[in-house]
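The analysis underlying the following values was restricted to heavy atoms, covering all of them including side chains, and did not include hydrogens, waters or symmetry mates. Here the structure is a predicted model, which is why all the values come from computation and not from measurement. Count residues from 1 along the sequence. Read the numbers this way: they start at 1 and go in the same order the structure lists the ligands and their atoms.
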Amino acid sequence: YERTFMMVKPDGVQRQLTGEIIKRMETKGYVLVGLKMVTPDEKLVSQHYDDLKARPFYKGLVKYMSSSGPVVAMVFQGKGVVDYGRVMIGVTDPLKSAPGTIRGDLSVDVGRNTIHGSDGTSPAQDEIALWFKPEEVADIKNCASAWIYEK
Ligand code: GTP
Ligand code: MG
């Protein structure tokens, strides 16, 4: 099944929301196959948000993400996890995110929106490669997969 990259942002780590976020993904049926707490430097964050470098908030975003303490980098696996992971996260602005989504339930400000998720299968592959070495991503089959997938 496909994989996506997700990251609990510094505000989510400081607010101790990591477990809540992992729990939502796992309860859905997705498998956590990569996990680490890291304090990214400016170079890593700049590469991660490279597509946004022309935006007015880019500099502040890079500074925030690289100077606010650790983030929790994660790889989740499962059917439709890239797109449905984004549905579970909500839209960029937490005040426009539906209740029931991570940002809708847990966040208020666009600059403190708690979690990142890859916005496509190609970015997902790039981001997993950027944040994880191949051997840091496990080959795990959900022991309940026969009860989650028809076949
Ligand atoms: P990510 O999952 O973090 O990539 O969020 P996203 O895909 O919902 O939004 P996008 O990739 O467009 O922007 C990346 C991040 O930049 C957002 O999550 C916000 O934290 C921040 N951001 C986006 N738009 C704005 C904005 O208009 N103002 C500010 N201050 N920050 C913004
Ligand atoms: Mg994005």
Side-chain angles (χ1 to χ4, degrees), residues 1-134 136-138 140 142 148:
Y1 283 118
E2 71 182 36
R3 289 175 170 176
T4 196
F5 175 74
M6 287 191 178
M7 167 173 51
V8 184
K9 296 183 180 182
D11 51 288
V13 174
Q14 297 295 328
R15 293 173 60 206
Q16 299 173 257
L17 296 172
T18 302
E20 164 78 24
I21 288 165
I22 292 174
K23 183 173 170 60
R24 287 175 182 230
M25 293 296 291
E26 289 189 329
T27 307
K28 170 72 176 169
Y30 293 137
V31 185
L32 184 62
V33 296
L35 177 71
K36 61 180 167 183
M37 183 178 275
V38 287
T39 304
D41 58 16
E42 271 196 39
K43 187 181 167 217
L44 178 55
V45 174
S46 308
Q47 283 176 274
H48 175 80
Y49 281 127
D50 184 58
D51 57 318
L52 298 174
K53 62 173 174 284
R55 307 293 290 276
F57 56 83
Y58 176 75
K59 233 183 136 196
L61 175 65
V62 171
K63 188 166 171 30
Y64 170 62
M65 293 294 297
S66 61
S67 65
S68 307
V71 303
V72 172
M74 304 173 290
V75 180
F76 282 98
Q77 175 179 289
K79 185 178 181 181
V81 70
V82 175
D83 286 349
Y84 201 77
R86 297 267 297 180
V87 173
M88 290 175 69
I89 286 172
V91 298
T92 308
D93 182 350
L95 295 185
K96 296 190 168 70
S97 297
T101 64
I102 293 169
R103 288 172 179 162
D105 289 348
L106 306 178
S107 317
V108 173
D109 197 300
V110 72
R112 298 289 185 271
N113 61 5
T114 311
I115 181 165
H116 162 81
S118 307
D119 68 355
T121 51
S122 169
Q125 285 175 359
D126 294 346
E127 290 170 11
I128 291 167
L130 180 64
W131 289 84
F132 287 89
K133 297 174 190 155
E136 291 173 335
V137 183
I140 297 173
N142 190 334
I148 294 171

Student: Please check this pair: side chain of Arg103 against backbone of Ile115, looking for a donor-acceptor N/O pair closer than 3.5 Å.
Tutor: yes
Student: Is there a donor-acceptor contact under 3.5 Å linking the side chains of Asp41 and Ser66?
Tutor: no
Student: Measure the CD-OG1 distance between Glu20 and Thr114 for me, rounded to the nearest 0.5 Å.
Tutor: 11.0 Å
Student: Locate the shortest heavy-atom distance separating Pro94 from Asn113; write the atom from each residue and the value.
Tutor: CG-CB, 3.7 Å
Student: If you count heavy atoms of other groups shown closer than 6.0 angstrom to NZ of Lys96, is the number above 12?
Tutor: no
Student: Quick check with a 6.0 Å cut-off and a 45 degree axis cone: is Arg55 positioned over the face of Tyr49's six-membered ring?
Tutor: no
Student: So which residues, sorted by chain and number, lie with a heavy atom under 4.0 Å of ligand 1?
Tutor: Lys9, Tyr49, Leu52, Phe57, Leu61, Arg86, Thr92, Arg103, Val110, Asn113, His116, Gly117
